[in-house]
Protein chains: 2
Amino acid sequence: MTDSSLAQVLRSHGLRMTPQRQLVLDAVRQLGHATPEQVHNAVQRVADSVNITTVYRTLELLEELGLVTHTHLSHGAPTYHPADEDQHIHLVCRDCGTVEGVEPELLAPLARELRRQRGFEVDIGHVALFGRCGTCGGRDDR
Amino acid sequence: MTDSSLAQVLRSHGLRMTPQRQLVLDAVRQLGHATPEQVHNAVQRVADSVNITTVYRTLELLEELGLVTHTHLSHGAPTYHPADEDQHIHLVCRDCGTVEGVEPELLAPLARELRRQRGFEVDIGHVALFGRCGTCGGRDDR
DNA sequence: CTAGGTGCAAATAGTTTGCAACTAC
DNA sequence: GTAGTTGCAAACTATTTGCACCTAG
């Protein structure tokens, strides 16, 4: 494949392929969960002239194209991750800040119930649950 | 009761009762779910000289005192609500932005499972689920 | 060539901090 | 009287926007 899928998707929307866009997508894929700033850092390691503005614009674009999605974890920080990756629930530890992913199936019964009771369709990939992780909860050092 | 419970709680921590603190707490109770800015607006309707800085500081204080809690709904704005109010899960509609609360019992089986599998303690009152509400989902106007 | 894309600087929004004046007790 | 509290202005952080220059196709 001389032409990456990103280029194809972009072209099919009448948009241009640029090195910046490839780098941002690569960074999101490599990082798994990352804030715009973390993506920017990762991109800069490869091409230090890329501006954070471009990162913001590119993340927004990639999201519109359905290549990445974002979730709001802990405080306000949005974190981006590849859209094609397996959907997962984010568990955010309020003490150590660690984010772990769990299989979305765990949310299925709840999702079903909300749909039945309220007609509410939960966006599973967008879910973040706050609490205290096993490591922090085990030792009660609060 | 000549002395409100807020005054009592404050005093028991060596802190002072002020009109601003009562107004902020009242606003949170009255609004149910509100961002700092919304709280500020509500407070200003009663006492327009109250500064938003004071609102931020007071919300933080009331949270430390266990009188209010906050959750991160949709984008970045934190929303505060009374801590003594029944805990509830927040359902945030991605289309209309409406926030509705549902009984936390629905989350209990999931919480139990996460505790068992991961040792992760979900903070139920802090949970927000994103998706599409019945009203927006019913008419597929996307 | 030329419309889309980028970098830079400035604007904006949300929140925090330093500090002098004020007030609850 | 005095330490806790407030208002104001300034500082900060995160994100967005305007615009001239650049480049993919």
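In what follows, chains are A, B, ... by sequence order, proteins preceding strands, each numbered from 1.
Comparing atom distances between the B:T58 side chain and each of D:dT6, D:dG7, C:dC8 picks out D:dT6 as nearest. The side chain of A:Q20 sits closest to C:dT6 out of D:dT2, C:dT17, C:dT6. The nucleotide whose nearest atom lies closest to any side-chain atom of A:Y56 is, among C:dG5, D:dT16, C:dT15, D:dT16. Of the candidates C:dG5, D:dG25, C:dG7, C:dG5 carries the atom nearest the A:T18 side chain, counting heavy atoms from C-beta on.
Ring geometry, A:H33 versus A:H88: the interplanar angle exceeds 60°, so the pair is classed perpendicular (tilted spans 30 to 60°).
Listed here is the closest heavy atom pair of B:E103 and B:I89: O-CD1, 3.8 Å. Across all non-hydrogen atoms, the minimal contact from B:L23 to B:V43 is O-CG2, 3.8 Å.
Residue B:I52 is out of contact with every strand shown, counting any heavy-atom pair closer than 4.0 Å. Residue A:R21 is classed as a sugar-phosphate contact, given heavy-atom separations below 4.0 Å to backbone atoms only.
Heavy-atom neighbours of B:E63 CD from other residues, nucleotides or ligands within 6.0 Å: above the threshold of 12.
The distance between atom CG of A:L59 and atom P of D:dA14, rounded to the nearest whole Å, is 15 Å. Distance, B:Q44 CD to D:dT6 P: 15 Å, rounded to whole Å. As rounded to whole Å, 8 Å separates atom P of D:dG25 from atom CE of A:M17. Whole-Å rounding puts the B:L10 CG to C:dC25 P distance at 9 Å. Between A:Q22 atom CD and C:dT6 atom P the separation is 12 Å, expressed in whole Å. A straight line from NE2 of B:H40 to P of C:dA13 spans 16 Å, rounded to a whole angstrom. In this entry the distance linking CG of B:L25 with C1' of D:dT5 reads 17 Å, nearest Å. Rounded to whole Å, atom C1' of C:dG5 lies 10 Å from atom CG of A:L61.
Between B:E113 and B:R116, at least one side-chain N (NZ, or NE/NH1/NH2) sits under 4.0 Å from a carboxylate O, which counts as a salt bridge.
Between B:R16 and B:E60, the residue anchored closer to the 5' end of DNA chain C is B:E60, taking for each the nucleotide with the nearest heavy atom. Between B:T53 and B:P19, the residue anchored nearer the 5' end of DNA chain D, judged by the nucleotide with its closest heavy atom, is B:P19.
In this model, the phosphate group of D:dT6 is not approached by any side-chain N or O of B:N51 to a distance below 4.0 Å at OP1 or OP2. An OP1 or OP2 oxygen of D:dT6 is reached within less than 4.0 angstrom by no side-chain nitrogen or oxygen of B:T54.
Taking only distance into account, the side chain of A:R57 never meets the base of C:dG4 through a donor-acceptor pair shorter than 3.5 Å.
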